[in-house]
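In what follows, a single structure is set out as structure tokens and then discussed.
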Amino acid sequence: MSDEIKESTSDDVRTYVRERYGKIASDSRPEEAASCCGPGASDDSCCGPTAVIDIDTISKIYETPDAAELPEDVTNLALGCGDPVTLASLEPGETVLDLGSGGGIDCFLAAKRVGETGQIIGIDMTAQMIEKARANKARMGIENVEFRLGEIEHLPVADDTADVIISNCVINLSPDKPQVFREAYRALKSGGRLSVSDIVTDGPLPDEIKNNLSAWAGCVAGALDVKDYTAAIEEAGFEDVKLTPVYLDKEIIDEAAEQLDITVEEVVGANDETLYRSIFSAKITARKPLP
């Protein structure tokens, strides 16, 4: 399938992303890091060159020191751009859904927070990622986590399942973000919390980027304008929607653009330092209202 197409359909995007992240899972090795938009990204990840995993790499993405204590089989598939587990302020006994759980890093961190009386359910559409996550779970002997194969637009869970939904740099990959938020709303209990780290933009992206499948898989083309992102959450029924920007290092954005064979100017249509604040990671929280 060509990376350049005239019009990206939902199936095109979903198939390309599934294949791209399936390859990342199949090719992953414990000695390599692969964060999405943090330092240590691999050539097959969202952005950046391959690097040897170390504590500094993980600590720049995750606020909790627990992340650096996980095995390399888990951290080398840390494909996120933030720390939704810390953002969620999880409590013992809570049930948590992770949308796009990948190799399981956020699920394992959440499992420690909710304790033996809590439950974590990771959802991922990539069979290879589910296989890796289940293997990591068995190796670590964690009992309160399970992984289910499924799409985040059609969650394989019952209504009112979760106290909290987390997601880490995955919703931007979906071609139907409003449906993701509607499903999240359905799956949350009344009063439940949404805690997300994701890539958003300040202004719309040009069509040539939106229709580039590599850019979709690279966390760029699928990024929504910040106003559209929060509006989609509100339209799904959530309240108390809050978004805090976390600006990425200039080098990270340049590396991502180089991977996609585009210039940063092409992405944001500017040619000064403000362009590096036009694509950013965000901490997003919201709540499903009580009846």
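In what follows, residues are counted from 1 in the order of the sequence shown.
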Heavy-atom closest contact (Asp83 atom, Ser197 atom, distance): N-OG, 3.4 Å
Nearest heavy-atom neighbours spanning Ser195 and Pro84: O-CB, 3.7 Å
Would you say Leu87 and Val170 are hydrophobically clustered, going by side-chain heavy atoms of ILVMFWY under 4.5 Å? no
Heavy-atom side-chain proximity of Ile121 to Thr161 below 4.5 angstrom: yes
Which distance, rounded to the nearest 0.5 Å, do you find between the NZ of Lys177 and the CG of Asp198? 8.0 Å
Taking every heavy atom of Ile284 against every heavy atom of Leu243, the minimum-distance pair comes out as CG1-CD1, 3.6 Å
Backbone N/O of Glu63 and side chain of Thr86: donor-acceptor pair under 3.5 Å: no
Is there a path of hydrophobic side-chain contacts, each under 4.5 Å between heavy atoms, that joins Leu155 and Val180? yes
Arg182 side-chain N/O to Ala236 backbone N/O, donor-acceptor pair under 3.5 Å: no
Taking every heavy atom of Ala88 against every heavy atom of Val164, the minimum-distance pair comes out as CB-CG1, 3.9 Å
Nearest 0.5 Å, please: how far is CD1 in Ile152 from OG in Ser167? 5.5 Å
Between Ser190 and Pro291 (side chain of the first, backbone of the second, donor and acceptor by atom type, cut-off under 3.5 Å), is there such a pair? no
So, taking the atom named CZ in Arg186 and the one named CG in Asp160, what distance separates them when rounded to the nearest 0.5 Å? 9.0 Å
Side chain to side chain donor-acceptor pair (under 3.5 Å) contacts touching residues 94-103 (sequence neighbours left out): Glu94-Arg193
Met129 to Gly103 - nearest heavy-atom pair and separation: SD-N, 3.8 Å
Side chain to side chain contact (heavy atoms under 4.5 Å, CB included) partners of Glu235, counting only residues at least two apart: Ala231
Nearest 0.5 angstrom please: Asp228 CG to Thr201 OG1, how far? 8.0 Å
So how far is it from Leu290 CG to Lys189 NZ, rounded to the nearest 0.5 Å? 13.0 Å
For residues 105-115, which side-chain N or O atoms pair as donor and acceptor with protein atoms under 3.5 Å away, sequence neighbours left out?
from: Asp106; atom 1: OD1; to: Tyr62; atom 2: OH; distance (Å): 2.9
from: Asp106; atom 1: OD2; to: Asn168; atom 2: ND2; distance (Å): 3.2
from: Lys112; atom 1: NZ; to: Asp66; atom 2: OD1; distance (Å): 3.2

Any idea which heavy atoms bring Pro289 and Gly237 closest together, and the distance? CD-O, 3.4 Å
Examine Leu224 and Ile165 and state if one hydrophobic cluster contains both, with Ile, Leu, Val, Met, Phe, Trp and Tyr joined whenever side-chain heavy atoms are less than 4.5 Å apart. yes
Knowing that exactly one of Leu194, Val157, Asp163 qualifies, which makes a side-chain contact (heavy atoms from CB on, under 4.5 Å) with Leu97? Val157
Heavy-atom check, side chain of Ile123 versus side chain of Pro156, under 4.5 Å: yes
Results of side-chain hydrogen bond (donor to acceptor under 3.5 Å, both in side chains) for Asn144 - residues two or more places apart only: none
If I take atom CG from residue Asp124 and atom CD from residue Glu151, how far apart are they, to the nearest 0.5 angstrom? 10.5 Å
Tell me whether Gln179 at atom CD has more than 12 heavy atoms from other residues, nucleotides or ligands lying less than 6.0 Å away. yes
Among pairs that include at least one residue of residues 237-247, which meet salt bridge (Lys or Arg N to Asp or Glu O under 4.0 Å), considering only residues two or more places apart or in two chains? none
Sorted by first residue and then second, give each ring-ring contact (aromatic ring centres under 6.0 Å, His included) pair with at least one member in residues 165-192; sequence neighbours left out. Phe181-Tyr229, Tyr185-Phe238
Joint cluster assignment, Met140 & Val85, ILVMFWY side-chain distance < 4.5 Å: yes
